[in-house]
Amino acid sequence: MPVLLLVDGSSYLYRAFHALPDLRNSKGEPTGAIRGVLSMLRRLESDYKAEFRACVFDAKGKTFRDDWYPEYKSHRPPMPDDLRAQIEPLHEAVQAEGWPLLAVEGVEADDVIGTLTRLALERGWEVVISTGDKDLTQLVRPGVKWVNTMSEEVLDEAGVAAKFGVPPERIVDYLALVGDTVDNVPGVEKCGPKTAVKWLTEYGTLDNLVANADKVGGKVGENLRKHLDFLPLGKRLVTVATDVALPVALDDLPARDDDKAALRALYERFEFRGWLRDLDGQGAAAALASAGEAAVADDPPAAPGAHRGAYVTILDWATFDAWAAKLDGAALVAFDTETTSLDPMAARLVGMSFAIVAGEAAYLPLAHRGPDVPHQLPLDEVLARLKPWFESAAHAKLGQNLKYDAHVLANHGIRLAGIAHDTLLQSYVLESDKSHDMDSLAKRHLGLTTIPYTDVCGKGAKQIGFDEVAVDRATEYAAEDADITLRLHRKLWPQLETLPALAALYRDIELPAMRVLLDMERTGVLIDAFLLAQQSEELGRRLMELEREAHDLAGQPFNLASPKQLGEILFGKLGLPVVKKTATGQPSTDEEVLQQLADDYPLPKLLLEHRGFAKLKSTYADKLPRMVNPKTGRVHTSFSQAVAVTGRLASSDPNLQNIPIRTAEGRRIRAAFIAPRDHVIVSADYSQIELRIMAHLSGDARLLDAFAHGEDVHRATAAEVFGVTPAEVTSEQRRYAKVINFGLIYGMSAHGLAKNLGIDRAAAQGWIDRYFARYPGVAAYMDRVKAEAKERGYVETVFGRRLYLPEIRAQQVGRRQAAERAAINAPMQGTAADLIKKAMIAVHAWLPAAGLKSRLILQVHDELVLEVPRDELERVRAELPAQMCGVADLAVPLLVEVGVGDNWDEAH
DNA sequence: TCCGAATGCAA
DNA sequence: TATTGCATTCGGA
């Protein structure tokens, strides 16, 4: 379990300044506080083995507490000049020691520590908080320790209770009562620790004490009553925030090695001679090796019109060693893999590229083939050397679509860790409606034109594998990819940081979801190929029969799969009426048309049947068995995380999110998705998720009420719209209501509803009017979201995901209305997507933590599919819904329905 | 050989 | 003239 070590730098800085003697260097610069804080950091480093750490300082300027309470800390004398002078050099030194440093404007160090603590706990990490400030004991809980490195005091939950007389969760109540003279927050007059503990022991909580304030006797009781108005504010002031927006993620805080060159310079300036000797003791060579790290922070300015950086090819061990050392010391490394295949499960490494500083990158060729190939370093040995770096969470990596690179490395037995950033996801979160391939990103954000893949490998049938590309040419292309990725990150990440909700979405949902998807894709799903082969044969026979009959009816042979030929037969030769036309003006032969014609003519009915079977055979029965991976014996879909503009996932190669379910024949395909021996398939889907989100977003009282009481929402809608009691609703009425409810989610028009229900437009408008009359909150919401879209150009999900709607102000009515429908649909579809991603992250973390071997295998928008060992079934069935429902607290309850079976059809 | 259009599968 | 996707087939370029 990773450990996060958080140091309250400001608290120590003040204490060190006042506690330590007035040390100065020969120039007279004060150095005592610097030395004090640094020695504390060194002690912590040896006391606690932490993979992640941060030293947090208060930033200059006001904080939100000053807005709440102008007197906050107002009594403090101005900072002594000798202290102020030490801040900047201390910050430099802290970073040189390998400590990520944080100072967030508008937020106190306490709140940064509180927020990081929460984030770490959510990931199941352990946290050690080092501070001289007792207020922070309020953060102590299982997995969180408070240590005072100056007094060497360590407190866990029991320790806090023993020291203060109240448990950590009551510390804020305690502080509100006692007050905090350090921060100028007044407490109840004459109420000290003794009285506060007595009251809290008697009444349990501050709220309860306040409720019973009239029962408290004595002079101090009177003081309490006088202070009642202030107590809520007092409590707010002493409560450490755990939800502030941070410019960094946990993954940005790996413990780094110290930067010896920078340290040397600083120690020399401060004249810390003992520590200088320590540095020298480690040898000049080591200091030299890491000198390059200092360059990390500064990029050379790009030459105008040319971005071709200094790209090197790694062909010998000396160059490799130099780069390996750089990778080890770098705060963040962009890397990219070149492979033999676009199929992630089949791809083998051809080479890798790395970039640490913009404009400088290296390509490491490993498996290029051909007559003029230079000697390449041996793949296995290189991977063995790099494996610890790839698998270290402390070494932060950056990439463009790292899920793919993680697959490639996994194919070689390496589990990529330390995934800190992904420019694909950054771009997706910032502008989901734009393209996210690297060539487009480079053009859009950097104004650079990159080498297209097809320039290197050609395209179509003449395309060659990357292993056939000449190494020089490969270096230009591959090193550029790593270089551009790094530059994109430098551009996109600051943009994200200015939008805290989006930064949180990226950090807390998209990046963690990527790891879940990687594991799901690698797990794959078992299918019964024999069953599908049987079905294919059967479908083939019925198709031949239908085709023969169709040709008989047409009086001539024709290709049933060709809409063009079919149209000529139906509307030309047989003279059937044209019902509607396609976008290009051709008479349409789609299902709706054929359905309509089937009432009066025999051929369309045959065609409908033929179409249905042909689809099942070619897309599913024939295709799926061909997609079985020979190595794993399973089908591995690929989930795209940056395709759907609403935030949904997309599945491809094969698409496992559109497996049939509506017809009996179709369900036989689904039945071929099976569990292995001694396992079952478990399907868990969110019930009515988008309608529930609509209730939450609109706040409509009737809709909220229906969900709160667990009603059948379509029946409830029918009762409202048709003016009957729920018990009186007929199945026909319920069907109408269901269509209306679905239509609402899609921003339906009267026309659309009329078509769907087979009624006239005026009647449909009547139902819509009645719906909105009964659910005025929904009507108001629809207007609100359209207005918001028009004003801002985008709409948002509950979690702040943005969907831009460039056409919302279009001149063309049709385009504008389409954008308005998207504006209504996107927040609901997008929020559902956010929720299930959070659920996937939660379930993926929970299963192994609970000692279970069950695995997530598929996600279908509102459904998670798991493969579960039979002996784990009861636990999974019992706990999975809570895992999925616990991801958000909406105004409506979330409901998850679980199904179990030997195959997906039975389970769903 | 490539790509748009038409069609249909899912939530 | 209902939202978001992906795959298949045809057929013109």
Side-chain angles (χ1 to χ4, degrees), chain A residues 432-433 458-463 558-567 580-594 607-608 610-620 622-624 627 637-640 643-663 665-667 669-670 685-691 694 739-757 761 764 768 795 803 805 813-814 817-830 832-833 836 858-863 904 908:
Chain A
S432 68
D433 57 325
K459 57 179 176 176
K462 284 178 296 230
Q463 192 168 63
F558 68 100
N559 184 347
L560 278 73
S562 165
K564 187 164 173 277
Q565 293 183 33
L566 179 56
K580 70 169 176 182
K581 296 193 169 175
T582 67
T584 52
Q586 299 299 309
S588 170
T589 66
D590 70 10
E591 183 176 348
E592 189 195 327
V593 169
L594 295 182
L607 294 170
L608 282 168
H610 184 274
R611 285 237 179 109
F613 290 151
K615 173 94 177 177
L616 288 177
K617 182 172 189 293
S618 66
T619 309
Y620 303 105
D622 290 345
K623 189 64 195 290
L624 288 173
M627 299 296 289
T637 185
S638 184
F639 287 108
S640 300
V643 166
V645 292
T646 52
R648 273 191 178 183
L649 299 177
S651 158
S652 64
D653 308 297
N655 181 355
L656 297 186
Q657 289 181 323
N658 70 344
I659 301 304
I661 193 166
R662 288 174 196 183
T663 65
E665 283 296 330
R667 277 199 299 276
I669 302 286
R670 195 166 271 241
D685 67 285
Y686 284 113
S687 163
Q688 308 288 0
I689 185 71
E690 292 188 1
L691 277 178
M694 185 167 87
V739 172
I740 293 172
N741 278 331
F742 271 100
L744 285 163
I745 292 169
Y746 299 139
M748 152 191 80
S749 63
H751 184 99
L753 181 64
K755 214 171 66 176
N756 222 294
L757 288 174
R761 220 190 119 107
I768 294 174
V795 291
L803 169 61
L805 300 156
V813 182
Q817 284 175 341
E820 284 176 359
R821 289 193 296 272
I824 287 170
N825 175 261
M828 296 186 255
Q829 193 180 114
I836 197 161
L858 292 174
Q859 185 255 44
V860 193
H861 309 309
D862 65 357
E863 172 190 14
W904 193 7
H908 190 82

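Every chain is numbered from 1, with letters handed out A, B, ... down the list of sequences.
For dA7(C), the OP1/OP2 oxygens have no side-chain nitrogen or oxygen of K615(A) closer than 4.0 Å. Put simply, T646(A) has no side-chain N or O that comes within less than 4.0 Å of OP1 or OP2 on dT3(C). For the OP1/OP2 pair of dT7(B) and a distance below 4.0 Å, the side-chain nitrogens and oxygens of S588(A) include at least one atom meeting the criterion. Of the side-chain N and O atoms in S749(A), none sit less than 4.0 angstrom from OP1 or OP2 of dT1(C). Residue T589(A) has a polar side-chain atom (N or O) positioned under 4.0 Å from OP1 or OP2 of dT7(B). Phosphate contact (OP1/OP2 of dA10(B), side-chain N/O of R662(A), threshold under 4.0 Å): present. Taking 4.0 angstrom as the limit, K459(A) places none of its side-chain polar atoms (N or O) nearer than this to OP1 or OP2 of dC2(B). Within the structure, a side-chain polar atom (N or O) of R611(A) is placed less than 4.0 Å from OP1 or OP2 of dG8(B).
Contact annotation for N756(A): base contact, defined as any heavy-atom pair under 4.0 Å involving a base atom. Within 4.0 Å of Q565(A), counting heavy atoms only, lie sugar-phosphate atoms of the nucleic acid but no base atom. As judged by a 4.0 angstrom heavy-atom cut-off over every strand, G743(A) is placed among the base-contacting residues. The residue I661(A) sits close only to the backbone: its heavy atoms come under 4.0 Å of sugar-phosphate atoms, none of a base. Q829(A) comes within contact range of at least one nucleobase, with a heavy-atom separation under 4.0 Å. Across all strands shown, F742(A) has no heavy atoms under 4.0 Å from either base or sugar-phosphate atoms. Using a 4.0 Å heavy-atom criterion, one finds that S640(A) contacts no nucleic acid atom at all. Across all strands, N658(A) comes closer than 4.0 Å to base atoms (heavy-atom distances).
Looking at Q829(A) and H861(A), their side chains never bring a donor and an acceptor atom within 3.5 Å of each other.
Distance, L656(A) CG to dA7(C) C1': 12 Å, rounded to whole Å. Taking atom CD1 on I659(A) and atom P on dT8(C), their separation rounds to 11 Å, with Å as the unit.
Side-chain proximity of K564(A) to the nucleotides dC6(C), dG11(C), dT7(B) is greatest for dG11(C). Comparing dT3(C), dA6(B), dA7(C) against the side chain of A822(A) picks out dT3(C) as the nearest. Picking from dC9(B), dT3(C), dT7(B) the nucleotide with the shortest atom distance to the side chain of D590(A) gives dT7(B). Closest contact between the side chain of R821(A) and the listed nucleotides dT3(C), dT8(C), dT7(B) involves dT3(C). The side chain of A561(A) approaches dT9(C) more closely than any other nucleotide in the set dG5(C), dA5(B), dT9(C).
Using modelled atom types, one side-chain atom of R667(A) and one backbone atom of I661(A) make a donor-acceptor pair closer than 3.5 Å. The backbone N or O of F558(A) sits nowhere less than 3.5 Å from a side-chain atom of Q565(A) that would complete a donor-acceptor pair. In this structure a side-chain-to-backbone donor-acceptor pair under 3.5 Å is missing from S588(A) to K581(A).
Rounded to the nearest Å, the gap between the P atom of dG4(B) and that of dA2(C) is 23 Å.
Heavy atoms from other residues, nucleotides or ligands lying under 6.0 Å from NZ of K580(A) number more than 12.
Of the residues near DNA chain C, H861(A) and H751(A), the one whose nearest nucleotide (by heavy atom distance) lies more toward the 5' end is H751(A).
A salt bridge between E591(A) and K615(A) is absent, with no side-chain N of the basic residue lying under 4.0 Å from a carboxylate O of the acidic one.
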